[in-house]
Every structure is written in structure tokens, then in C-alpha cells.
Peer 1: 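Structure in C-alpha cells, see below.
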Amino acid sequence: MSNNSNNPESTPVTHFILNRIRDDVAAGKNGGNVITRFPPEPNGYLHIGHAKSICLNFSMAKEFNGCTNLRFDDTNPLKEEALFYEQIQNDVRWLGFEWTELRHASDYFQQLYDYARELISNGKAYVDSLPAEQIREYRGTLTEAGRNSPDRDRPVEQSLDLFERMKNGEFADGELVVRARIDMASGNINMRDPVIYRIRRAHHQLTGDDWCIYPMYDFAHCVSDAIEGITHSLCTLEFEDHRPLYDWILDNISIDCHPQQIEFARGNLDFTVMSKRRLRQLVDQGHVDGWDDPRMPTIAGIRRRGYPPAAVRQFWESVGVSKSESIIPMGVLENAVRNELNETAPRVMAVLRPLKIVLTNFPENETHWVEAARHPQNPDFGQRKVPITRELYIEQTDFMLEAPKKFFRLKPGGEVRLRNAFIIQCNQVIQDADGHITELHCSYDPDTISGQPGASRKVKGTIHWVSAEHAVNAEVRLYDRLFNATNPLADKQRDFSEFLNPNSLETIADAVIEPSMADANAGDICQFERTGYFVVDQDSNDNRLVFNQTVALRDTWAKFAG
RNA sequence: UGGGACGUAGCCAAGUGGUUAAGGCACGGGGUUUUGAUCCCCGCAUGCGUAGGUUCGAAUCCUACCGUCCCAGCCA
């Protein structure tokens with residue numbers, strides 16, 4: 001739960017960005033409006049880290065009745081692909097947000113070009129013919145000032161002419177660039193005459209071959225923000241050094257809007273990696289089954305894993321927003337998922353690793369149907385009927401030949417309650433020649449069935465079960481963390497892929513589930529009682545049900561049992 | 001003496017000079033329970049990176065130091 005959603009007395013969630021925006025609104029800045037944007041580059045799948053930014057941007061605007069644009073930062077056609085435009089929109093919508101306007105930096109190519117001309121006209125930018133390597137050398141180092149390019153004082157008219165000819169395709173890729181004329185001695189390297197336009201003969205996904213020059217991020221981003229009237233431009237910490245440049249550009253062109261850039265820390269999770277580059281590597285090297293592999297921290301992956309969008313929102317809300325770098329335990333996310341699913345997932349009985357039991361005093365060829373609540377705390381979920389017969393399956397882990405004292409499940413001579421049904425006692429253990437337990441002979445107490453006088457009789461344990469005759473076969477995929485190291489990137493000597501967890505996926509081919517789930521559809525989520533939350537995977541078809549484990553139930557017994 | 005940031009409990013995080021330093025997760029203890037789940041109670045920093053200083057009073061202000069992160073793409 002979020003800090004204040006249940007308890008109105010507790011302190012409301014707040015953070016420096018909320019405070020800042022609240023102050024701005026109170027002061028009447030920007031006419032009291034709040035307009036934010038989420039600006040992904042269409043060069044990969046969104047991951048849960050992006051979700052933080054999405055939640056932040058949309059929630060800040062919502063808080064003040066403002067609006068949020070989705071803007072594709074598509075200024076580098078070499079790295080971008082058409083399919084990502086669609087995928088990213090799906091992911092944002094899935095998270096539960098709808099943008100006010102869909103924009104693209106490429107919508108503004110003409111305006112961007114015009115503003116660059118303005119900069120040049122005012123002596124604030126120039127066309128440089130230094131090759132890339134030379135520009136790097138002239139830039140200096142972290143501790144030494146850079147040197148002015150020989151072209152820095154090129155006459156304005158000449159730069160203007162060259163820029164136009166760049167646009168017209170008269171020069172080869174890389175032959176010329178446009179640079180802002182700022183300060184080659186600045187301690188901030190971003191201010192050492194940054195390149196703002198380069199020549200690139202690349203087919204753009206949206207503008208096709210209209211342009212052979214493309215603006216750089218530092219130029220395109222702030223101008224795009226200003227064009228859209230963004231009031232608060234929220235971005236991550238690594239752009240802090242770029243803020244002086246962001247402000248410089250807007251101060252030096254004739255645009256009447258100057259958004260405020262505010263930086264916040266990314267949110268990292270332990271036991272995973274969170275960068276498009278590295279996630280792409282996992283996909284390309286076949287370590288996972290694709291961008292939407294349920295082990296991936298991508299939005300597509302966690303969706304397929306069964307994480308509800310509300311849980312992701314709640315997670316980021318509970319984590320908060322600050323400027324200190326952090327690594328959040330995966331358990332916090334999982335807790336948010338359990339929290340949400342506990343409220344929304346109907347309960348069902350499924351046995352992952354079946355052990356057959358025979359109720360010796362139960363009539364043969366007879367089926368009793370027991371009423372079972374779909375949710376123990378919420379009657380609105382209704383009831384379902386579950387068949388019970390003489391032969392059942394229970395979980396192998398729910399029986400022990402030699403059980404420790406605190407083992408509340410089945411053991412020889414012991415009693416246990418069958419969930420939603422009656423109490424049984426284990427009378428005989430059948431083993432094969434190798435000593436493997438093949439089945440259990442038990443007797444049931446008819447007096448303890450719901451509605452009977454002995455129904456309230458207490459036994460220590462309750463276990464789940466599935467009627468052998470009615471069992472629906474299912475494949476179940478269990479997941480563990482993708483990496484063995486809390487931070488797979490910590491060891492700079494080794495590639496992060498060396499820390500992959502070889503056991504991150506375990507497939508159980510022959511689990512059994514109660515018949516009420518026989519017609520489940522991909523995306524359906526339920527709780528396998530006493531086990532965890534599971535979602536029907538898209539690999540399911542009419543002949544085969546496949547479940548992905550979303551997250552296991554909290555298991556305090558496992559801590560004792562090891 | 002490159003520049004920019006950040007250090008509050010095991011992990012996040014509020015707090016911006018004034019009683020006993022919010023809250024969540026984790027952890028420990030108890031209660032309810034036909035899920036060892038959920039739910040409910042209780043506990044959990046004489047302490048805010050360190051050392052000085054200002055002040056009647058400091059996590060909050062000042063100074064110095066220590067530690068961590070980011071920046072030298074014609075990437076975003």
C-alpha cells in the first residue's frame with residue numbers, strides 16, 4: 001500500500017519535485033499550469049526504470065490538473081526503429097496513462113533548423129569543419145581547458161551559407177557540424193562549444209529522406225520542450241551537467257517559453273540490469289527468450305509475468321523520488337505485486353508436483369462437489385464448485401515420512417484438513433521397490449465437511465488438492481531472479497552476463513489444476529492457494545494450459561524448513 | 001583547487017533551526033485464520049558520513065575533511 005492510501009492520518013507522500021511544482025503553482029508561475037512530458041527515444045523496449053519516469057511525469061501533471069505529452073525523441077535515425085514507436089505507446093497505456101498529445105522531436109525539424117539559423121545569425125553558433133577526432137582533441141580533458149576551433153570565428157554569412165548547403169546535401173556525412181559558440185574553457189565540458197547539428201544520410205522512420213542533417217539531443221530537447229510549452233522538464237541525474245546548456249540555448253533563441261529542467265535519481269533494482277543496451281544484449285545472445293521474457297525487467301516482460309500495472313505504480317510511489325542513487329530490493333516490487341494481487345486475484349487449487357492419495361473410505365466412482373469461495377475475504381468474487389473424488393493429488397511437499405515437530409502437514413498417522421473439504425488421516429504409505437513414495441492411503445472424516453457438526457474441528461494444517469479424475473494438466477513456469485549478484489555490473493572486470501542465474505527458469509510439465517480453470521485465457525491471473533500468483537501465458541492453446549509464476553506467496557514456513 | 005551531484009536504520013525515504021527524528025519494505029514478538037497467505041496489535045536510529053564551530057536550541061546554518069556517483073559521443 002502506498003503510505004497514505006489506507007490511513008488518512010499518515011503523512012502524505014511528498015518529494016522535492018512535488019514540493020517544487022506546488023510552490024510554482026502557488027506562486028502563479030506559468031499561469032499556474034503544469035505541463036510535463038515523457039520523452040523516450042524509440043530505440044528499444046521500455047523497462048521498469050522508465051516506468052518511474054512515466055509515473056512521475058503523469059502523476060505530477062495529474063496532481064495539478066495539468067497535462068502530459070508523450071514525445072518521441074527521434075533525432076538519431078541510425079539507432080531508432082519504427083516498431084518501437086508502437087511498442088512504447090502500448091507500454092505507457094498498459095501502465096494506465098493516456099497522454100494529452102503525441103509528439104515527436106521530428107515534428108519540429110523545420111523549427112529546430114530555423115532556431116539553429118537564428119543562433120548562427122547572432123554569432124552564437126558556427127559551422128565547424130574540424131573532423132570528429134580533431135573536435136575531440138580540441139575539447140581538452142576533464143582537467144585541461146579546450147582550444148578554440150580555427151573555424152570558431154568564421155563569418156556569420158559564411159556559416160549561414162554552409163549550414164544551408166549542409167541541409168541541401170552538398171556535404172558528406174561528418175564533413176561539417178554546427179556548434180554552439182559558448183566557452184572552450186568551461187569546467188563543464190558540455191559548454192565547450194557543443195555540436196548541435198550533424199550530417200547523417202539516414203532514412204528517418206517518420207520524415208523519410210527529407211533531412212540529411214539531424215539536431216543533437218542538447219539542442220533538440222530543450223527547444224522541443226519549449227515548443228510544447230512544457231513547464232517542468234523532469235529527467236534523470238546524468239543530465240544535471242546539461243542543464244546550463246539547456247538554459248543557454250533557450251536564453252539565446254527567440255522563443256517565449258523556458259521550461260525548468262529538474263533532475264531526479266533513477267531507480268535501480270537489485271539482481272537485474274536496467275539499461276536498454278544490456279537488455280538488448282541478453283536478447284541478442286539468447287540468454288532470455290526475447291524482450292518480453294517474463295524474467296526481463298521490461299514493461300513487456302513484467303506484463304507477461306503477470307505484474308499488474310497498479311502494483312508498478314504503487315511500487316514507485318512507495319519508493320519515492322529523490323536525488324540519491326539507490327538500489328531497491330526486488331522484494332519491495334514483489335511485495336507491491338502481492339499486495340495488489342491479494343485483492344484482485346481469484347483463488348484456485350493447483351498441485352505443482354503431484355502425489356496421489358486414495359481415500360479408502362470414499363465411495364468409488366462417485367463425485368462430490370464442494371462449494372469454495374473464490375476469495376476468502378471478498379464475497380463479491382462468488383463461489384465455485386470443486387469436484388472431490390476417491391483419488392486425489394496433493395503436493396509432494398505436503399507429506400513427510402519423518403516430519404519435524406513443527407510440520408503441520410500430512411505425515412503417517414497424522415491428520416490434515418483438505419482445503420474447502422474435510423479432514424483426512426494418513427493410514428498407509430505405499431512405496432515402490434526403490435523406496436519412492438508412490439501413493440498414500442488415507443481415510444476421511446465425513447463429519448468434518450462444511451455444514452456438518454464437525455466442520456469446525458481444528459487441525460493444525462490445511463492443504464490443497466485436486467481430484468485425479470477431473471485434474472486439468474498444465475505446464476507451469478517458475479521463475480527466479482535473472483542474476484546471482486545483487487549488482488551484476490559491480491565487477492568491472494567481468495561481463496555482467498557471467499552473473500546470470502542458470503536456474504532462473506524451471507518448467508514443470510505436469511502440474512494439475514482444478515477444472516474451473518480449464519477455459520482460462522491468456523492474461524488471466526489467479527492465486528494457486530498456498531503457492532503463489534500465476535498468470536495464463538500466451539503460449540497456451542486449446543490443448544495446453546501454460547502458467548507463469550508471477551510471484552510466490554510469502555512463506556514463513558520455508559524459512560524454518562530452509 | 002576541472003565541473004556537477006549525493007551521503008538520515010539492513011533497503012528506500014520524509015524532514016529546510018524549537019517537544020520523545022514521519023512513513024514503507026525488511027526483521028523480531030503476539031493475536032485471528034479451513035491458504036504456515038491475508039488481516040490486526042506491539043517492537044525496531046539518545047541517532048542524521050566524520051570533526052570542529054555558530055546558537056538558549058542544529059539532521060537542518062558555517063568551516064574542513066572523508067566516501068560514493070556522473071561528465072571528455074558528430075548517443076539520448
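Letters A, B, ... are given to chains in the order of the sequence lines, protein chains preceding strands, and every chain is numbered from 1.
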Peer 1: Looking at A76(B) and Y217(A): do their rings stack (centroid distance under 5.5 Å, interplanar angle under 30°)?
Peer 2: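 Stacking between Y217(A) and A76(B): absent.
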
Peer 1: Is S322(A) near enough to A13(B) that one of its side-chain N or O atoms lies under 4.0 angstrom from OP1 or OP2?
Peer 2: yes

Peer 1: Regarding R192(A), tell me which of base, sugar-phosphate or nothing describes its non-hydrogen contacts under 4.0 Å with the strands shown.
Peer 2: nothing

Peer 1: Are F109(A) and H204(A) close enough that their ring centers fall under 6.0 Å?
Peer 2: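 Between H204(A) and F109(A), which both carry aromatic rings, the centre distance is below 6.0 Å.
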
Peer 1: Would the base of A72(B) count as contacting E137(A) through its side chain, where contact means a donor and an acceptor less than 3.5 Å apart?
Peer 2: no

Peer 1: Within the structure, does a side-chain N or O atom of R139(A) lie under 4.0 Å from either OP1 or OP2 of G73(B)?
Peer 2: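 The answer is yes; a side-chain N or O of R139(A) sits under 4.0 Å from OP1 or OP2.
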
Peer 1: Under a 3.5 Å cut-off for both contacts, is U34(B) paired Watson-Crick or G-U wobble with anything, and if yes, with which nucleotide?
Peer 2: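 Because no pair has both required distances under 3.5 Å, U34(B) counts as unpaired.
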
Peer 1: Does a distance-only test, which skips hydrogens and angles, find a donor-acceptor pair under 3.5 Å between the side chain of E343(A) and the base of U38(B)?
Peer 2: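 There is none.
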
Peer 1: Between N19(A) and G15(B), is there a contact of a side-chain N or O with OP1 or OP2 at under 4.0 Å?
Peer 2: yes

Peer 1: Please evaluate the base of A37(B) for a donor-acceptor partner in the side chain of H464(A) within a cut-off of under 3.5 Å?
Peer 2: no

Peer 1: Check whether any side-chain heavy atom of Y246(A) sits under 4.5 Å from a side-chain heavy atom of S233(A), and report yes or no.
Peer 2: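 Counting from C-beta outward, Y246(A) and S233(A) do come under 4.5 Å.
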
Peer 1: Once you apply the 3.5 Å cut-off to both distances, tell me the Watson-Crick or G-U wobble partner of C6(B), or none.
Peer 2: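 For C6(B), the partner nucleotide comes out as G67(B), under the 3.5 Å rule.
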
Peer 1: Could you state the atom-to-atom distance from CG of L279(A) to P of A76(B) in whole Å?
Peer 2: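 Answer to the nearest Å: 20 Å.
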
Peer 1: Establish, with yes or no, whether the OP1 or OP2 oxygen of G36(B) is under 4.0 angstrom from a side-chain nitrogen or oxygen of R419(A).
Peer 2: no

Peer 1: I want to check one thing: is the phosphate of G24(B), taken as OP1 and OP2, less than 4.0 Å away from some side-chain N or O of N335(A)?
Peer 2: no

Peer 1: For C74(B), does either OP1 or OP2 sit under 4.0 Å from a side-chain N or O belonging to R179(A)?
Peer 2: no

Peer 1: Tell me whether R22(A) at atom CZ has more than 12 heavy atoms from other residues, nucleotides or ligands lying less than 6.0 Å away.
Peer 2: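 Yes, CZ of R22(A) has more than 12 neighbouring heavy atoms, counting only those of other groups under 6.0 Å.
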
